[in-house]
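Note sheet for the following structure.
Quick note on labels: first sequence line is chain A, next is B, and so on, each numbered from 1.
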Protein chains: 4
Amino acid sequence: MTESSFSSARAKRPSPRARGTAKRAARSEGAAHTRVTTEPGRKRGGDKRERILSAAVRVFAKNGFYATRVSEVAKAAGVADGTIYLYFKSKEDLLVSLFESRVEKLLSFMKGELPKHATAPERLRAVIEMQLGLLEGERDLAEVVTVILRQSTKLMKEYAHPRFLAYLDSIARIIQDGQASGEFRRDVSPHLVARAAFGALDGVALTWALGRAEQGALRRSAGQVADLFLRGLRP
Amino acid sequence: MTESSFSSARAKRPSPRARGTAKRAARSEGAAHTRVTTEPGRKRGGDKRERILSAAVRVFAKNGFYATRVSEVAKAAGVADGTIYLYFKSKEDLLVSLFESRVEKLLSFMKGELPKHATAPERLRAVIEMQLGLLEGERDLAEVVTVILRQSTKLMKEYAHPRFLAYLDSIARIIQDGQASGEFRRDVSPHLVARAAFGALDGVALTWALGRAEQGALRRSAGQVADLFLRGLRP
Amino acid sequence: MTESSFSSARAKRPSPRARGTAKRAARSEGAAHTRVTTEPGRKRGGDKRERILSAAVRVFAKNGFYATRVSEVAKAAGVADGTIYLYFKSKEDLLVSLFESRVEKLLSFMKGELPKHATAPERLRAVIEMQLGLLEGERDLAEVVTVILRQSTKLMKEYAHPRFLAYLDSIARIIQDGQASGEFRRDVSPHLVARAAFGALDGVALTWALGRAEQGALRRSAGQVADLFLRGLRP
Amino acid sequence: MTESSFSSARAKRPSPRARGTAKRAARSEGAAHTRVTTEPGRKRGGDKRERILSAAVRVFAKNGFYATRVSEVAKAAGVADGTIYLYFKSKEDLLVSLFESRVEKLLSFMKGELPKHATAPERLRAVIEMQLGLLEGERDLAEVVTVILRQSTKLMKEYAHPRFLAYLDSIARIIQDGQASGEFRRDVSPHLVARAAFGALDGVALTWALGRAEQGALRRSAGQVADLFLRGLRP
DNA sequence: AATGAATGAGAATTCATTCAT
DNA sequence: TATGAATGAATTCTCATTCAT
């Protein structure tokens, strides 16, 4: 249960000019996530991709996905409109890539941390603290993950949902382990607990992100939420 | 603390031909939710507004707010495109109205139920069961409330946020009461608990709505979530 | 040359319900002025037609033809939107009818007055004073005639132009008579003078209507303009 | 008093992608004529603006402002619909710009010519000949200036009126000078004469433009109109 | 005759995406 | 690779006109 819950595939990105006649194609595409990709960075193109992504988090977080113009992202990134299409297939692909690149980071970190904790309660607390802790570091990211992502229904249903379920699974497995070892009560569904826990954290992060977003507030909240759940799960 | 947290104002709706008054008014309005309203169409236009709203829940839930065309809603409602603008100022107004009309219903129900429960734990359990129970009745509504609403960032920030906070407040007050009476432990922030509880329910409803949405599943989950929180709050 | 320059045809108006399926037809219609008409006024329907016309002058003068909504005219006239279509075939027909009813009045007045003046110079002066004098009485009308009418290009070209030419003709004939009798110099084209005179009056009325429209100003101007032209025409 | 009455500002034009700045700006602007401007497209977009303007004169002159579809202008200019919005903020802005660009030309020409004439009568004759002469060169322009411009009431009142008054002023000043030097009679108001003269020319041009528009006719008329006024003004 | 709710064709404008340079 | 002018499909909303009552 220490392995990542998010597949780490899709580390590649489209190489400039791999674009076909995709125009308006997205409307009917079944899967938005199959993208042609190539090694980008001869010279220092990877830099530009990153610049675009980081501009995108900021702008998406501020205005939402739909209200954001591709040209705004370009401007914020300091590149030409067309350049964005050298690195991303479409506006939506930009959102997916954003989500991926950020979540990937979050998950790989988690994957490294979890093994350090021996008991299920400790691991659950660690997950909770990590989720809020990581979001706190990047408010824009928190907003993207908690709010923006939900703006693209298609994205949500097709792309994010499976990854999200995988993440939930990894939490559920912690609960399961705890139940097996007698650390947690057995009369609750591990998956339900996982969903409730994730939702609780998401809700806390959401109000935080939409509100004043005080520094340190999320981290402090983490302890209480962990407490609440750990007590609630006590046999 | 039994009084509703949502103002029940705005129970009126615009009658056809409020046009000219409503026209573009939103552009400059500070609050997008103050709308001119009148008796619904006498004659036989009375149910049009409701028909449009209920078509909107369905279509929005299926495709999301942005991906839904006004003409699709019109078609689903069996009216002409223009008719929608007789009852709603804009596409966005339709979403707000939808949210309002539904949430209003949910809240007034809650307002009536809560007083029937004597202790804070019972009231918390009641809230949890009601939130999930009511959503279960209308899957589309659940999706609108948990997903779609977040699609309009402006809506979320300007309109829904305050109402949402008011709802959270009413939950927080239950916690507070319980802490005052010694029924709940005092070392957690009532507001934090409220946010976590709401988030947990939202998360459970979200996965339910996006997933298979089995009948009865939500109601069954409610008990476990309530249990989790009540135990977690035990002094 | 005392006979009216405007045909007095078209004194009839459409009777309620004579309407066919004219919808959008105007787009392709060649002649906008052929209208079915009937005696209206059993009871007192004529009153209503007049009320609509007079509301229309006011509203058109204020906002221009295109910027005016049929519903605004209806409101100003105190009738329902649909009622307008009982008396006028279309919005454009309303403008034409307006023009006609007003111009008719002006012309019949002129027809009665001219014979009272014996010499060509006196008649020219009378025409000038009448044109400005009548406009001064109704500022809104002045605006409709000088500005609004030009807004409907089709109207201008198809309907108003011939009538306008007829009016010019009647002025030209005064000049011609004067030249024949030796009262006016003969080295200018009567039609050119007529156009110039009409334009001069129109220009004076236009700036007056668009400006402060002081009472009495137009009448005072008339004398000077008449003077200018009469001197200019002196043999 | 030989200096031009029209400010020659606004010689610049928006470059493509001034979007975002210009967007909807007019809605709140007090003066609709302050527009962001930049060097026209380098590369090869340079003549696009001009091509659009000249297509617009043609189409507006033919169908009138309101009856003209933006797509028609685009087609006539040989560009895509959207391209128009790269150079003009809106359809109305296109009309204003048209007026400006043309009138500017006319006025700067006049500014250069007037000083060549020594006496007030000569200058008045020059103005008359120029106004008609320049219009004759471009029939479409004549129509735009005499008819189309009046179609946008807002335009007329907000934008054109002040410029128009300034032009009248410059004519009035010629009259005034003539009166001061004893070349013109003093018992007429210079401004009234200016308005009458402009109106006369406008009227002549209007019937010419709406009629057969024979080559040379306007120029020939100019002499007679000038004669008429000069004689009429003789002390 | 009158009403006004409903209609739906139509039009301006936007903006993701392309492609010539 | 990068640019940004150009494209044009698509979408919201308006409003003249109709027609059931």
Exercise. Which of the following nucleotides, F/dT1, E/dT13, F/dA16, is nearest to the side chain of C/Lys91?
Worked result: F/dA16

For this session: Nearest whole angstrom, please: distance from the P of E/dA11 to the CD1 of D/Ile84.
Result: 15 Å

For this session: Provide, to the nearest angstrom, the distance between the CG atom belonging to D/Leu94 and the P atom belonging to E/dA11.
Result: 17 Å

Problem set entry | Whole-Å distance separating the CG atom of B/Asp93 from the P atom of F/dC13 | 10 Å

For this session: Taking D/Glu72 for its side chain and D/Arg69 for its backbone only, find out whether a donor-acceptor pair lies under 3.5 Å.
Result: yes

Seminar exercise, completed: Which of E/dG4, E/dA12, F/dG4 is nearest the side chain of D/Tyr85? It is E/dA12

Exercise. B/Lys48 side chain N/O closer than 4.0 Å to the phosphate oxygens (OP1, OP2) of E/dA6?
Worked result: yes

Problem set entry | Of the listed nucleotides F/dT17, E/dA6, E/dT17, the one nearest the side chain of B/Tyr87 | E/dA6

Exercise. Can A/Lys91 be said to sit on top of A/Phe65's aromatic six-ring, NZ or CZ under 6.0 Å from centre and within 45° of the ring axis?
Worked result: yes

For this session: Measure from the side-chain heavy atoms of C/Arg69 and tell me the nearest of E/dA6, F/dC15, F/dT3.
Result: F/dC15

Exercise. What is the distance, rounded to the nearest whole Å, between atom CZ of B/Arg49 and atom P of E/dA5?
Worked result: 15 Å

Problem set entry | Length of the line joining A/Ile52:CD1 and F/dT3:C1', which is rounded to integer Å | 13 Å

For this session: Specify the separation, in whole Å, of atom CZ of B/Phe88 and atom P of F/dC13.
Result: 13 Å

For this session: Return the 5'-most residue of the pair D/Thr83, B/Gly78 with respect to DNA chain E, ranking by each residue's nearest nucleotide.
Result: B/Gly78

For this session: Look through every strand shown and name the nucleotide pairing with F/dG4 as Watson-Crick or G-U wobble, where both distances are under 3.5 Å.
Result: E/dC19

For this session: Figure out the CD/C1' separation between B/Glu92 and F/dT11, and round it to whole Å.
Result: 15 Å

Problem set entry | Any donor-acceptor pair under 3.5 Å from B/Lys62 side chain to B/Thr68 backbone | no

Exercise. Can you find a heavy atom in the side chain of D/Phe60 that is under 4.5 Å from one in the side chain of D/Val73?
Worked result: yes

For this session: On DNA chain F, check which nucleotide each of A/Val79 and C/Thr68 is closest to and give me the residue with the more 5' one.
Result: A/Val79

For this session: Taking only the side-chain heavy atoms of D/Asp81 (C-beta and beyond), determine which of E/dT13, F/dT18, F/dT12 contains the nearest atom.
Result: E/dT13

Exercise. Do A/Tyr87 and A/Leu53 come within less than 4.5 Å of each other through their side chains, counting heavy atoms only?
Worked result: no

Exercise. To the nearest Å, how far apart are D/Leu86 CG and E/dA16 C1'?
Worked result: 14 Å

